[in-house]
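One structure is given here, and the rest of the page talks about it.
Reckoned from all heavy atoms, side chains included, excluding hydrogens, waters and symmetry mates.
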Amino acid sequence: SVPPALSGTPYALAAASVEQSRLYVTETSTSGTSSSILASYDLSQSPPVLIGTIPLPETTLTSESFGNGSLFFTDSKVFDVSKDPPVLEGSLPEAMTVIDADATRVLGQSIANGTAICVQLVDVSNPSSPRTASDLCDFVNGRARTEQARFNGSVVYSAEEMGGLTVYDVSASGGQHFVAQLGDPEPGGFSAYGQVSNSTTLFAAGFDGIGGVGGVNVYDLQSRPPAWLGFISTGVAASNEVCLSGNNLFVGTEQDLQIFDVSQPSQPSQLGSVVVAANSLAASGSILFVGSVDGHLFVYNAARPASPVLLSTVTLPDTSVQMVVDGTLLLVADGTGGLLTFDVSVPSSPILVSQLTVSPAVLGVQADGTTVLLAALETGLVVVDLSSPSTPTIISETALDSYNPFEIGFSDLRSRAVTVSLYDKIAFLGINNMDPSDLDNGVGSV
């Protein structure tokens with residue numbers, strides 16, 4: 001029987017851990033005084049002897065604790081237990097539960113997006129100032145939970161429920177760190193279909209299902225998390241894509257192309273519109289490329305954004321989903337039409353240089369020099385060598401796993417790559433996990 005350190009007052013025990021011959025227990029008073037302590041006991045004596053206590057700032061304690069040699073972790077605190085009594089060294093970067101550790105690193109479970117339980121790798125080589133080295137969360141689906149994770153040298157194995165067994169390389173720092181889910185005055189009502197940003201502002205095009213209107217949500221990127229500045233309504237038609245050229249914002253909707261002056265992002269003003277149902281957009285200087293819903297490429301001179309001048313029209317094999325300008329080339333993700341490469345050195349006369357079909361369809365495209373990345377549904381991420389634009393060559397195809405590899409009927413249902421983005425040599429794929437025959441099954445992820 002171990003006597004409580006908070007004697008003479010009602011108390012509750014939270015965490016308990018044994019390291020060598022020491023017992024560490026966190027206790028909190030239930031008498032209304034709201035005092036909490038970490039108590040240490042010497043187990044080499046019989047009965048055990050209380051060595052000392054350390055006051056804790058929390059009024060509510062968790063039951064999680066983890067000991068690792070000279071360090072002890074509980075309630076996101078780091079204690080040096082090589083001393084009697086222990087010494088509070090510092091705090092982990094955020095609220096987390098330590099589940100594994102080695103001499104200089106710990107794995108901690110943290111909450112992302114309010115529901116997903118992810119793992120962070122924290123460097124505790126300096127216990128007084130722990131720092132996050134890697135964020136290990138693949139957001140496989142909206143209910144992803146990391147139940148357990150373990151070190152093995154430079155590799156971390158993570159059990160992620162529906163996501164299966166995930167293997168992370170932690171030899172270098174990195175990973176996605178969840179900051180916030182951007183919202184508006186009607187959370188959950190807006191579906192984003194396209195986005196674009198400059199150094200200060202993010203514009204997200206889509207449809208507000210609650211209000212029944214299409215438009216663009218505007219966010220201030222200078223605040224963290226980005227603050228909502230306002231909504232640009234484009235009417236009942238959904239906004240499919242957005243494109244920036246200086247202070248001019250082009251918004252493609254299912255009915256027309258709308259142009260706004262966003263020099264004051266919180267107070268945009270409409271400059272004009274063009275009657276073309278736009279599905280994809282790209283700009284190069286004053287030249288605007290528009291992929292229409294009915295499968296055409298329109299090229300405009302937008303030097304006068306209030307009234308763009310049509311320069312040329314090209315019929316496409318399918319409907320353009322995404323376009324990017326790469327020097328004098330225009331790269332078009334044209335659905336079943338594949339990757340279309342146009343020479344647009346003379347904007348008024350686009351020339352189709354090559355067509356590369358990828359089954360079942362190409363929905364996203366990004367360029368990094370002569371390397372082109374494609375999002376191609378079940379085929380996944382396709383990497384193309386475009387050093388010779390007239391003869392593009394597929395370098396690799398990387399299919400994506402099922403979002404639910406252990407569920408009968410879903411284990412063979414591949415995640416489908418629908419969009420791709422590129423930053424600092426890292427490709428981010430937007431995923432649609434839905435079963436085409438039953439759209440109630442599956443979710444989106446990155």
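- The backbone N or O of G214 lies less than 3.5 Å from a partner atom in the side chain of T234, making a donor-acceptor pair.
- With values rounded to the nearest 0.5 angstrom, E89 atom CD is found 11.0 Å from S129 atom OG.
- A distance of 7.0 Å separates CG in L356 from CG in L374, rounded to the nearest 0.5 Å.
- With a 4.5 Å cut-off on side-chain heavy atoms, F231 and F190 count as touching.
- Remark: F250 pairs with no residue by the ring-ring contact (aromatic ring centres under 6.0 Å, His included) rule, at least two apart or across chains.
- Inspection of the D256 and T253 side chains reveals an N or O donor paired with an N or O acceptor under 3.5 Å.
- A salt bridge between R131 and D123 is present, with a side-chain N of the basic residue lying under 4.0 Å from a carboxylate O of the acidic one.
- In summary, of the residues considered (V314, D343, L340, L330), a side-chain contact (heavy atoms from CB on, under 4.5 Å) with P350 occurs for V314 alone.
- The environment of CZ in R304 is sparse: at most 12 heavy-atom neighbours from other residues, nucleotides or ligands sit within 6.0 Å.
- Separating the CG atom in N217 from the CG atom in D208 is a distance of 8.0 Å, to the nearest 0.5 Å.
- Between T319 and N279, the side chains place no donor N or O within less than 3.5 Å of an acceptor N or O (distance only, hydrogens not considered).
- Q120 and Q109 share no donor-acceptor pair across their side chains, judged by distance under 3.5 Å alone.
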Exercise. Going through the distances and angles, do T328 and S345 end up as a side-chain hydrogen bond (donor to acceptor under 3.5 Å, both in side chains)?
Worked result: CA-CA 5 Å; T328 59; S345 54; 5.5 Å; no
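- No hydrogens or angles considered: a donor-acceptor pair under 3.5 Å links the side chains of D75 and T62.
- A side-chain donor-acceptor contact under 3.5 Å links Y219 to the backbone of G183.
- In this structure a side-chain-to-backbone donor-acceptor pair under 3.5 Å is present from Q355 to G337.
- No donor-acceptor contact under 3.5 angstrom links the side chains of S125 and T104, judged on distance only.
- A donor-acceptor pair under 3.5 Å is formed between the side chain of N68 and the backbone N or O of D102.
- For the atom pair OG of S280 and CG of D334, the computed distance is 8.5 Å after rounding to the nearest 0.5 Å.
- Using a 4.5 Å heavy-atom threshold, the side chains of L377 and N432 count as separate.
- No side-chain donor-acceptor contact under 3.5 Å links E397 to the backbone of T379.
- Results of the side-chain contact (heavy atoms from CB on, under 4.5 Å) test with V196 over V216, L249, L202, V251 single out L249 as the only residue that passes.
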